[in-house]
Chemist: 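The structure follows.
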Amino acid sequence: MKIVFFGSSKFAVESLRALLESRHEVICAITQPDREKGRGLHLGKTPVKIFAEEKGLKIYQPFRKDLKKEIDLLRSLDADMFVVVAYGLILPKEIINLPKLFCINLHASLLPAYRGAAPINWAIINNEKQTGVSIIKLSESMDAGPIISSKKIVIDKDDNAFALEEKLAHTGSKLLVDTINSIESGNYKLKEQDKAKVTFAPKLTRQSGSIDWNDKAENIYNLIRGCFGWPGAFTYYKGKLIKIIRSDWDKSRDPDYEPGQICSIQKEGIRVNAADATVVIKELQPEGKKIMSCAEFIAGHKLAKGDTFAISP
RNA sequence: CGCGGGGUGGAGCAGCCUGGUAGCUCGCAAGGCUCAUAACCUUGAGGUCGUCAGUUCAAAUCUGACCCCCGCAA
(Lines give C-alpha, C1' and ligand atoms only; values in the text may rest on other atoms or scores of the structure.)
Protein backbone atom coordinates (compact mmCIF):
# COMPACT_ATOMS: atom_id res chain seq x y z
CA MET A 1 0.00 0.00 0.00
CA LYS A 2 1.07 3.55 -0.64
CA ILE A 3 1.03 5.42 2.63
CA VAL A 4 1.40 9.02 3.71
CA PHE A 5 2.60 9.24 7.31
CA PHE A 6 1.46 12.03 9.63
CA GLY A 7 3.32 12.18 12.94
CA SER A 8 5.35 14.39 15.20
CA SER A 9 6.33 13.11 18.61
CA LYS A 10 8.72 10.41 19.74
CA PHE A 11 5.84 7.98 20.05
CA ALA A 12 5.29 8.22 16.29
CA VAL A 13 8.88 7.42 15.35
CA GLU A 14 8.55 3.71 16.16
CA SER A 15 5.52 3.43 13.91
CA LEU A 16 7.27 5.16 11.05
CA ARG A 17 10.23 2.85 11.48
CA ALA A 18 7.97 -0.21 11.40
CA LEU A 19 6.24 1.00 8.27
CA LEU A 20 9.53 1.61 6.51
CA GLU A 21 10.59 -1.91 7.38
CA SER A 22 7.29 -3.38 6.17
CA ARG A 23 6.40 -4.17 2.60
CA HIS A 24 4.33 -1.02 2.37
CA GLU A 25 5.55 2.14 0.73
CA VAL A 26 5.81 5.33 2.73
CA ILE A 27 5.61 8.13 0.20
CA CYS A 28 6.44 10.95 2.56
CA ALA A 29 6.23 12.11 6.16
CA ILE A 30 4.16 15.06 7.27
CA THR A 31 5.10 16.58 10.60
CA GLN A 32 4.61 19.79 12.51
CA PRO A 33 6.63 22.84 11.52
CA ASP A 34 9.87 23.60 13.32
CA ARG A 35 9.13 25.77 16.30
CA GLU A 36 11.20 28.14 18.36
CA LYS A 37 11.78 26.38 21.61
CA GLY A 38 14.27 25.80 24.37
CA ARG A 39 16.70 28.29 25.79
CA GLY A 40 17.28 31.13 23.44
CA LEU A 41 14.28 29.91 21.48
CA HIS A 42 16.18 28.12 18.79
CA LEU A 43 14.39 26.23 16.06
CA GLY A 44 13.47 22.71 17.10
CA LYS A 45 12.66 19.81 14.80
CA THR A 46 10.12 17.15 15.73
CA PRO A 47 11.50 13.67 16.47
CA VAL A 48 9.71 12.42 13.38
CA LYS A 49 11.45 15.01 11.22
CA ILE A 50 14.85 14.04 12.59
CA PHE A 51 14.18 10.38 11.94
CA ALA A 52 12.70 10.97 8.50
CA GLU A 53 15.72 13.03 7.49
CA GLU A 54 17.98 10.17 8.51
CA LYS A 55 15.99 7.84 6.32
CA GLY A 56 15.94 10.25 3.42
CA LEU A 57 12.17 10.54 3.38
CA LYS A 58 10.45 13.45 1.78
CA ILE A 59 9.10 15.75 4.51
CA TYR A 60 6.29 18.30 4.54
CA GLN A 61 5.62 20.63 7.45
CA PRO A 62 2.45 22.61 6.82
CA PHE A 63 1.08 24.94 9.46
CA ARG A 64 -2.34 24.06 10.74
CA LYS A 65 -3.94 26.97 8.98
CA ASP A 66 -2.25 25.92 5.75
CA LEU A 67 -3.32 22.28 5.84
CA LYS A 68 -6.19 22.89 3.46
CA LYS A 69 -3.85 24.53 0.97
CA GLU A 70 -1.93 21.30 0.72
CA ILE A 71 -4.87 19.34 -0.59
CA ASP A 72 -3.72 19.40 -4.18
CA LEU A 73 -0.30 18.23 -3.16
CA LEU A 74 -1.69 15.43 -0.99
CA ARG A 75 -4.03 14.34 -3.75
CA SER A 76 -1.18 14.21 -6.22
CA LEU A 77 0.63 11.74 -4.00
CA ASP A 78 -2.06 9.25 -4.91
CA ALA A 79 -1.95 7.44 -1.55
CA ASP A 80 -4.01 4.43 -0.58
CA MET A 81 -4.06 5.42 3.05
CA PHE A 82 -3.04 8.16 5.43
CA VAL A 83 -1.59 6.93 8.72
CA VAL A 84 -1.75 9.39 11.60
CA VAL A 85 0.26 8.82 14.78
CA ALA A 86 0.67 11.54 17.41
CA TYR A 87 0.62 14.24 14.75
CA GLY A 88 -0.71 16.89 17.07
CA LEU A 89 -2.88 18.69 14.55
CA ILE A 90 -6.45 17.91 13.63
CA LEU A 91 -6.95 17.01 10.00
CA PRO A 92 -9.74 18.85 8.20
CA LYS A 93 -12.49 16.80 6.59
CA GLU A 94 -11.26 17.55 3.09
CA ILE A 95 -8.01 15.80 3.87
CA ILE A 96 -9.55 12.86 5.65
CA ASN A 97 -11.43 12.05 2.47
CA LEU A 98 -8.42 12.18 0.16
CA PRO A 99 -6.86 8.70 0.30
CA LYS A 100 -8.34 5.93 -1.85
CA LEU A 101 -9.22 3.86 1.21
CA PHE A 102 -9.32 6.00 4.35
CA CYS A 103 -7.22 7.45 7.17
CA ILE A 104 -6.24 5.47 10.22
CA ASN A 105 -4.95 6.69 13.54
CA LEU A 106 -2.86 4.91 16.16
CA HIS A 107 -3.77 6.11 19.64
CA ALA A 108 -2.00 5.21 22.89
CA SER A 109 -4.98 4.06 24.90
CA LEU A 110 -7.78 1.53 24.82
CA LEU A 111 -10.40 3.70 23.20
CA PRO A 112 -12.96 4.96 24.03
CA ALA A 113 -11.00 5.60 27.23
CA TYR A 114 -8.45 8.41 27.34
CA ARG A 115 -9.24 10.27 24.18
CA GLY A 116 -6.93 13.23 23.71
CA ALA A 117 -3.36 14.39 23.83
CA ALA A 118 -1.85 12.73 26.91
CA PRO A 119 -3.32 9.24 27.34
CA ILE A 120 -0.09 7.67 28.56
CA ASN A 121 0.48 10.18 31.33
CA TRP A 122 -3.10 10.11 32.52
CA ALA A 123 -3.27 6.34 32.61
CA ILE A 124 -0.39 6.33 35.08
CA ILE A 125 -1.59 9.33 37.07
CA ASN A 126 -4.98 7.64 37.47
CA ASN A 127 -3.36 4.44 38.72
CA GLU A 128 -4.59 2.26 35.86
CA LYS A 129 -3.29 -1.29 35.92
CA GLN A 130 -3.55 -1.73 32.19
CA THR A 131 -3.80 0.32 29.07
CA GLY A 132 -3.04 -0.29 25.42
CA VAL A 133 -3.08 0.96 21.88
CA SER A 134 -5.98 1.33 19.50
CA ILE A 135 -6.22 1.84 15.79
CA ILE A 136 -9.25 3.67 14.56
CA LYS A 137 -10.58 4.89 11.29
CA LEU A 138 -10.16 8.63 11.45
CA SER A 139 -13.26 10.71 11.82
CA GLU A 140 -13.68 14.44 12.12
CA SER A 141 -13.90 14.63 15.88
CA MET A 142 -10.93 13.86 18.04
CA ASP A 143 -10.20 10.16 18.54
CA ALA A 144 -13.85 9.30 17.95
CA GLY A 145 -13.76 7.06 14.89
CA PRO A 146 -14.68 3.36 14.82
CA ILE A 147 -12.11 0.93 16.20
CA ILE A 148 -10.33 -1.39 13.80
CA SER A 149 -7.98 -3.10 16.21
CA SER A 150 -6.50 -2.73 19.66
CA LYS A 151 -4.05 -4.39 21.98
CA LYS A 152 -3.89 -4.40 25.76
CA ILE A 153 -0.74 -4.17 27.84
CA VAL A 154 -0.24 -4.11 31.60
CA ILE A 155 1.21 -1.13 33.36
CA ASP A 156 3.94 -2.22 35.77
CA LYS A 157 3.85 -0.65 39.19
CA ASP A 158 7.11 1.14 38.56
CA ASP A 159 6.55 2.15 34.94
CA ASN A 160 6.91 5.86 34.41
CA ALA A 161 5.60 7.82 31.46
CA PHE A 162 8.81 7.32 29.53
CA ALA A 163 8.93 3.54 29.99
CA LEU A 164 5.25 3.10 29.24
CA GLU A 165 5.50 5.26 26.15
CA GLU A 166 8.29 3.07 24.82
CA LYS A 167 6.29 -0.08 25.43
CA LEU A 168 3.20 1.37 23.80
CA ALA A 169 5.17 2.75 20.88
CA HIS A 170 6.61 -0.68 20.28
CA THR A 171 3.33 -2.53 20.69
CA GLY A 172 1.56 0.09 18.61
CA SER A 173 4.01 -0.09 15.74
CA LYS A 174 3.52 -3.83 15.41
CA LEU A 175 -0.24 -3.58 15.62
CA LEU A 176 -0.11 -0.86 13.00
CA VAL A 177 1.65 -3.01 10.43
CA ASP A 178 -0.54 -6.02 11.20
CA THR A 179 -3.66 -3.92 10.90
CA ILE A 180 -2.60 -2.39 7.61
CA ASN A 181 -1.94 -5.88 6.30
CA SER A 182 -5.43 -6.91 7.34
CA ILE A 183 -6.97 -3.88 5.74
CA GLU A 184 -5.11 -4.58 2.54
CA SER A 185 -6.57 -8.05 2.39
CA GLY A 186 -10.02 -6.75 3.31
CA ASN A 187 -10.00 -8.76 6.48
CA TYR A 188 -11.12 -6.24 9.08
CA LYS A 189 -14.15 -4.90 10.90
CA LEU A 190 -15.13 -1.49 12.17
CA LYS A 191 -16.53 -1.28 15.65
CA GLU A 192 -18.15 1.93 16.80
CA GLN A 193 -16.92 3.29 20.14
CA ASP A 194 -19.24 2.96 23.10
CA LYS A 195 -20.13 6.58 23.78
CA ALA A 196 -21.03 5.84 27.40
CA LYS A 197 -17.45 4.82 28.14
CA VAL A 198 -15.68 7.82 26.69
CA THR A 199 -13.11 9.51 28.94
CA PHE A 200 -10.61 12.21 28.14
CA ALA A 201 -6.89 12.71 28.67
CA PRO A 202 -6.33 16.41 28.15
CA LYS A 203 -2.94 17.90 27.41
CA LEU A 204 -0.81 18.28 30.52
CA THR A 205 0.24 21.74 31.56
CA ARG A 206 3.15 22.93 33.62
CA GLN A 207 0.84 23.08 36.61
CA SER A 208 -0.21 19.43 36.20
CA GLY A 209 3.10 18.44 37.79
CA SER A 210 2.58 20.39 41.00
CA ILE A 211 2.71 18.08 44.01
CA ASP A 212 0.09 18.56 46.69
CA TRP A 213 1.46 16.92 49.81
CA ASN A 214 -2.03 16.85 51.29
CA ASP A 215 -2.94 14.27 48.70
CA LYS A 216 -2.57 10.54 49.30
CA ALA A 217 0.95 9.13 48.99
CA GLU A 218 -0.01 6.73 46.24
CA ASN A 219 -1.51 9.55 44.18
CA ILE A 220 1.66 11.58 44.54
CA TYR A 221 3.72 8.56 43.55
CA ASN A 222 1.57 8.10 40.45
CA LEU A 223 1.86 11.78 39.60
CA ILE A 224 5.64 11.56 39.76
CA ARG A 225 5.63 8.55 37.43
CA GLY A 226 3.04 9.99 35.11
CA CYS A 227 4.68 13.39 34.74
CA PHE A 228 8.16 11.97 34.20
CA GLY A 229 9.93 13.77 31.39
CA TRP A 230 7.40 16.48 30.86
CA PRO A 231 6.13 18.43 32.76
CA GLY A 232 7.87 16.66 35.63
CA ALA A 233 6.40 16.50 39.13
CA PHE A 234 7.77 19.31 41.24
CA THR A 235 7.70 20.85 44.68
CA TYR A 236 9.57 23.68 46.38
CA TYR A 237 12.32 23.46 48.98
CA LYS A 238 13.52 26.68 50.59
CA GLY A 239 12.08 28.65 47.71
CA LYS A 240 13.78 26.59 45.01
CA LEU A 241 12.00 24.37 42.56
CA ILE A 242 12.80 20.70 42.93
CA LYS A 243 11.70 18.16 40.37
CA ILE A 244 11.07 14.70 41.72
CA ILE A 245 12.38 12.23 39.20
CA ARG A 246 11.89 8.88 40.92
CA SER A 247 10.16 7.88 44.11
CA ASP A 248 8.40 5.15 46.01
CA TRP A 249 5.79 5.15 48.74
CA ASP A 250 4.75 3.01 51.64
CA LYS A 251 2.02 2.91 54.22
CA SER A 252 3.97 3.91 57.28
CA ARG A 253 3.63 7.49 58.42
CA ASP A 254 5.36 9.51 61.09
CA PRO A 255 2.59 11.25 63.08
CA ASP A 256 5.05 13.82 64.45
CA TYR A 257 5.18 15.58 61.13
CA GLU A 258 2.71 17.35 58.86
CA PRO A 259 2.13 16.58 55.18
CA GLY A 260 5.08 17.94 53.19
CA GLN A 261 7.53 17.67 56.06
CA ILE A 262 10.61 15.47 55.91
CA CYS A 263 10.33 12.72 58.48
CA SER A 264 13.44 10.71 57.71
CA ILE A 265 16.72 11.32 55.87
CA GLN A 266 18.66 8.34 54.59
CA LYS A 267 20.89 7.60 51.64
CA GLU A 268 18.24 5.25 50.34
CA GLY A 269 15.60 7.93 50.31
CA ILE A 270 14.16 11.06 51.81
CA ARG A 271 10.82 10.25 53.38
CA VAL A 272 8.15 12.90 53.19
CA ASN A 273 4.75 12.68 54.79
CA ALA A 274 1.68 12.84 52.61
CA ALA A 275 -1.89 12.87 53.86
CA ASP A 276 -2.16 9.19 54.68
CA ALA A 277 1.28 7.62 54.19
CA THR A 278 4.84 8.38 53.15
CA VAL A 279 6.46 9.24 49.83
CA VAL A 280 10.10 8.20 49.53
CA ILE A 281 12.10 10.45 47.22
CA LYS A 282 14.87 8.56 45.45
CA GLU A 283 16.01 10.83 42.66
CA LEU A 284 15.48 14.54 42.18
CA GLN A 285 16.64 17.59 40.29
CA PRO A 286 17.02 21.01 41.91
CA GLU A 287 16.53 23.95 39.56
CA GLY A 288 19.72 24.81 37.73
CA LYS A 289 21.23 21.43 38.62
CA LYS A 290 21.44 18.05 37.04
CA ILE A 291 19.45 15.03 38.09
CA MET A 292 20.92 13.53 41.27
CA SER A 293 20.26 10.73 43.69
CA CYS A 294 18.90 11.72 47.05
CA ALA A 295 22.19 10.58 48.64
CA GLU A 296 24.00 13.22 46.60
CA PHE A 297 21.42 15.82 47.44
CA ILE A 298 21.77 15.05 51.14
CA ALA A 299 25.57 15.28 50.94
CA GLY A 300 25.42 18.84 49.66
CA HIS A 301 22.42 20.22 51.53
CA LYS A 302 21.95 20.50 55.25
CA LEU A 303 18.59 18.79 55.48
CA ALA A 304 16.81 18.41 58.77
CA LYS A 305 13.78 16.44 59.83
CA GLY A 306 10.78 18.72 59.77
CA ASP A 307 12.03 20.71 56.77
CA THR A 308 9.13 21.37 54.47
CA PHE A 309 8.45 20.73 50.83
CA ALA A 310 5.94 23.34 49.75
CA ILE A 311 3.39 23.78 46.98
CA SER A 312 4.70 27.24 46.13
CA PRO A 313 8.06 29.03 46.48
C1' C B 1 18.76 39.25 20.76
C1' G B 2 12.65 35.74 25.63
C1' C B 3 13.70 35.36 31.44
C1' G B 4 16.86 33.07 35.18
C1' G B 5 20.47 29.64 38.04
C1' G B 6 25.22 27.25 37.81
C1' G B 7 30.61 25.32 36.50
C1' U B 8 35.48 24.78 43.39
C1' G B 9 39.64 17.11 44.87
C1' G B 10 35.70 11.06 42.39
C1' A B 11 29.98 12.95 43.81
C1' G B 12 26.96 16.87 46.06
C1' C B 13 27.78 21.74 48.18
C1' A B 14 30.01 26.30 51.15
C1' G B 15 33.45 30.24 50.34
C1' C B 16 32.72 35.24 46.16
C1' C B 17 29.18 40.89 48.26
C1' U B 18 33.65 43.11 52.23
C1' G B 19 40.50 40.26 47.41
C1' G B 20 45.51 37.80 51.39
C1' U B 21 47.06 29.59 54.01
C1' A B 22 41.34 25.53 49.94
C1' G B 23 36.45 24.36 53.69
C1' C B 24 31.86 20.96 54.61
C1' U B 25 28.99 16.29 53.74
C1' C B 26 29.70 11.78 51.12
C1' G B 27 32.89 8.40 48.60
C1' C B 28 37.89 6.22 48.32
C1' A B 29 42.66 4.11 50.97
C1' A B 30 45.08 2.56 55.49
C1' G B 31 44.68 1.64 60.70
C1' G B 32 41.62 1.09 65.14
C1' C B 33 37.15 -0.39 67.89
C1' U B 34 33.31 -4.25 67.72
C1' C B 35 30.63 -11.03 67.88
C1' A B 36 29.34 -7.98 63.84
C1' U B 37 27.86 -3.84 60.39
C1' A B 38 26.37 0.45 54.57
C1' A B 39 27.71 1.86 62.28
C1' C B 40 31.68 4.50 65.10
C1' C B 41 36.93 6.65 65.95
C1' U B 42 41.89 8.03 63.76
C1' U B 43 44.93 9.08 59.79
C1' G B 44 45.71 9.69 54.57
C1' A B 45 45.52 10.29 49.14
C1' G B 46 43.27 13.43 45.75
C1' G B 47 42.04 20.37 43.44
C1' U B 48 45.46 24.25 36.79
C1' C B 49 38.70 26.84 41.87
C1' G B 50 35.28 26.00 33.32
C1' U B 51 38.85 28.71 29.55
C1' C B 52 41.41 33.13 28.04
C1' A B 53 42.67 38.03 28.99
C1' G B 54 42.57 42.45 32.37
C1' U B 55 42.93 45.23 37.32
C1' U B 56 46.23 44.44 41.71
C1' C B 57 51.97 43.74 45.71
C1' A B 58 48.28 39.72 45.81
C1' A B 59 42.36 36.92 42.33
C1' A B 60 38.15 31.01 43.63
C1' U B 61 36.81 36.12 45.14
C1' C B 62 36.78 42.31 41.17
C1' U B 63 36.27 43.40 35.33
C1' G B 64 35.60 41.71 30.15
C1' A B 65 35.15 37.90 26.38
C1' C B 66 34.29 32.85 25.29
C1' C B 67 32.96 27.46 26.25
C1' C B 68 29.75 23.97 28.77
C1' C B 69 25.42 22.37 32.07
C1' C B 70 20.49 23.27 33.94
C1' G B 71 15.50 25.66 35.47
C1' C B 72 11.37 28.79 33.50
C1' A B 73 8.89 29.61 29.08
C1' A B 74 6.47 25.87 24.64
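All chains are named by letter (A, B, ...) in the order of the sequence lines, taking the proteins before the strands, and each is independently numbered beginning at 1.
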Chemist: Find the distance A/Q266:CD to B/A39:C1' and express it as a whole number of Å.
Modeler: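 Those two atoms, CD and C1', are 13 Å apart.
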
Chemist: Taking atom CZ of A/R23 and atom CD1 of A/I180, what is their separation to the nearest 0.5 Å?
Modeler: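 Output value for this atom pair is 10.0 Å.
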
Chemist: With both distances under 3.5 angstrom, what nucleotide forms a Watson-Crick or G-U wobble pair with B/G19?
Modeler: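 Base partner found: none.
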
Chemist: Hey, what are the protein-to-nucleotides 72-74 of chain B N/O distances that come in under 3.5 Å?
Modeler:
unit_1 : atom_1 : unit_2 : atom_2 : d
B/C72  : OP1    : A/R206 : NH1    : 2.6
B/C72  : OP1    : A/R206 : NH2    : 2.8
B/A73  : OP2    : A/R206 : NE     : 3.3
B/A73  : N1     : A/G38  : N      : 3.0
B/A74  : N6     : A/W230 : NE1    : 2.0

Chemist: Taking the inter-plane angle between the rings of A/F297 and A/Y237 on a 0 to 90° scale, is it parallel (under 30°), tilted (30 to 60°) or perpendicular (over 60°)?
Modeler: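 Plane angle over 60°, so perpendicular.
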
Chemist: When you match A/A299 and A/K240 each to their closest nucleotide on RNA chain B, which lands nearer the 5' end?
Modeler: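 Nearest-nucleotide comparison on RNA chain B picks A/K240.
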
Chemist: Take atom P in B/G19 and the same atom in B/C1, then report the distance between them in whole Å.
Modeler: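 The same atom, P, in both gives a distance of 36 Å.
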
Chemist: Please report, rounded to the nearest Å, how far the P atom of B/A11 is from the CG atom of A/L284.
Modeler: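 My rounded result for the distance is 18 Å.
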
Chemist: Rounded to the Å, how far apart are A/I242 CD1 and B/G71 C1'?
Modeler: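 In whole Å, B/G71 C1' lies 11 Å from A/I242 CD1.
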
Chemist: May I ask which nucleotide in the shown strands pairs with B/C49, Watson-Crick or G-U wobble, both distances under 3.5 Å?
Modeler: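 Base-paired to nothing in any strand shown.
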
Chemist: Rounding to an integer number of angstrom, what distance separates B/G27 and B/C69 when you compare their P atoms?
Modeler: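 Between the two P atoms, the distance is 30 Å.
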
Chemist: Taking the same atom, P, in B/G6 and in B/A74, what whole-Å distance lies between them?
Modeler: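 The answer is 23 Å between these two P atoms.
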
Chemist: Mind checking whether A/I3 and A/L98 sit in one hydrophobic cluster, side chains of I, L, V, M, F, W, Y counted as touching below 4.5 Å?
Modeler: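 Each belongs to a different hydrophobic cluster.
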
Chemist: Is it the case that A/W213 and A/T235 place a side-chain donor and acceptor less than 3.5 Å from each other?
Modeler: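 Yes, side-chain donor-acceptor contact under 3.5 Å.
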
Chemist: Can you tell me the distance, in whole Å, between the CE atom of A/M292 and the P atom of B/G10?
Modeler: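 The distance from CE of A/M292 to P of B/G10 comes to 17 Å, rounded to the nearest Å.
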
Chemist: Taking 4.0 Å as the cut-off, does a side-chain nitrogen or oxygen of A/Q285 come that near to OP1 or OP2 on B/G71?
Modeler: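 For B/G71, OP1 or OP2 has a side-chain N or O of A/Q285 closer than 4.0 Å.
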
Chemist: Atom CZ of A/F297 and atom P of B/G27: how far apart are they, to the nearest Å?
Modeler: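 Answer to the nearest Å: 18 Å.
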
Chemist: I'd like to know if the side chain of A/Q261 pairs up with that of A/D307 as donor and acceptor (distance under 3.5 Å, no hydrogens or angles considered).
Modeler: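 No, because no side-chain N or O of A/Q261 sits under 3.5 Å from a partner of the opposite role on A/D307.
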
Chemist: Whole Å only: how far is the CD atom of A/E287 from the P atom of B/G6?
Modeler: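 In whole Å, B/G6 P and A/E287 CD are 10 Å from each other.
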
Chemist: For B/C3 and B/A29, measure between their P atoms and round to the nearest Å.
Modeler: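 These two P atoms come out 48 Å apart once rounded.
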
Chemist: Rounded off to whole Å, could you give me the NZ-to-P distance for the A/K290 and B/C13 pair?
Modeler: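 Interatomic distance, NZ of A/K290 to P of B/C13: 10 Å.
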
Chemist: What closest approach, in Å, do A/G145 and A/Q193 show between heavy atoms, and which atom pair accounts for it?
Modeler: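 The pair with the smallest heavy-atom distance is O-NE2, 2.8 Å.
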
Chemist: Does the side chain of A/K289 get closer than 4.0 angstrom to OP1 or OP2 of B/C13 through an N or O atom?
Modeler: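 Answer is yes, contact under 4.0 Å.
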
Chemist: State the pairing partner of B/C28; accept Watson-Crick or G-U wobble contacts with both distances under 3.5 Å, and report none otherwise.
Modeler: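 Checking every strand shown, B/C28 finds its partner in B/G44, with both distances under 3.5 Å.
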
Chemist: Whether the A/N127 and A/E218 side chains hold a donor-acceptor pair (N or O, under 3.5 Å, no angle test) is what I'd like checked.
Modeler: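 A/E218 and A/N127 do have a side-chain donor-acceptor pair below 3.5 Å.
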
Chemist: Hey, what's the ring geometry for A/F82 with A/F6, parallel, tilted or perpendicular (30° and 60° as the breaks)?
Modeler: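 Tilted: the ring planes of A/F82 and A/F6 meet at 30° to 60°.
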
Chemist: Would you measure the distance from the P atom in B/C70 across to the matching atom in B/A30 and give it in whole Å?
Modeler: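 Here B/C70 and B/A30 have their P atoms 36 Å from each other.
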
Chemist: A/I59 and A/V4: same hydrophobic cluster, using ILVMFWY side-chain contacts below 4.5 Å?
Modeler: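 No, A/I59 and A/V4 fall in different hydrophobic clusters.
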
Chemist: Watson-Crick or G-U wobble partner for B/U37, using a 3.5 Å limit on both distances?
Modeler: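 Its partner is none (no Watson-Crick or G-U wobble pair with both distances under 3.5 Å).
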
Chemist: If we take the P atom in both B/A73 and B/A53, what is their distance in whole Å?
Modeler: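 Approximately 40 Å lies between the P atom of B/A73 and that of B/A53.
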
Chemist: Take atom C1' in B/U18 and the same atom in B/U25, then report the distance between them in whole Å.
Modeler: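 27 Å, rounded to whole Å.
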
Chemist: On RNA chain B, check which nucleotide each of A/I298 and A/G288 is closest to and give me the residue with the more 5' one.
Modeler: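 Nearest-nucleotide comparison on RNA chain B picks A/G288.
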
Chemist: Please report the distance, rounded to the nearest Å, between OH in A/Y236 and P in B/G5.
Modeler: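 So the OH-P distance, A/Y236 to B/G5, works out to 16 Å.
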
Chemist: Would you indicate what A/K267 reaches in the nucleic acid, counting non-hydrogen atoms under 4.0 angstrom: base, sugar-phosphate, or nothing?
Modeler: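 Contact class for A/K267: sugar-phosphate only.
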
Chemist: When the C1' atoms of B/G46 and B/G10 are compared, how many Å lie between them, rounded to an integer?
Modeler: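 Approximately 9 Å lies between the C1' atom of B/G10 and that of B/G46.
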
Chemist: Write down the partner of B/C72 under the Watson-Crick or G-U wobble criteria, each distance required to be under 3.5 Å.
Modeler: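 Across any shown strand, B/C72 pairs with B/G2.
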
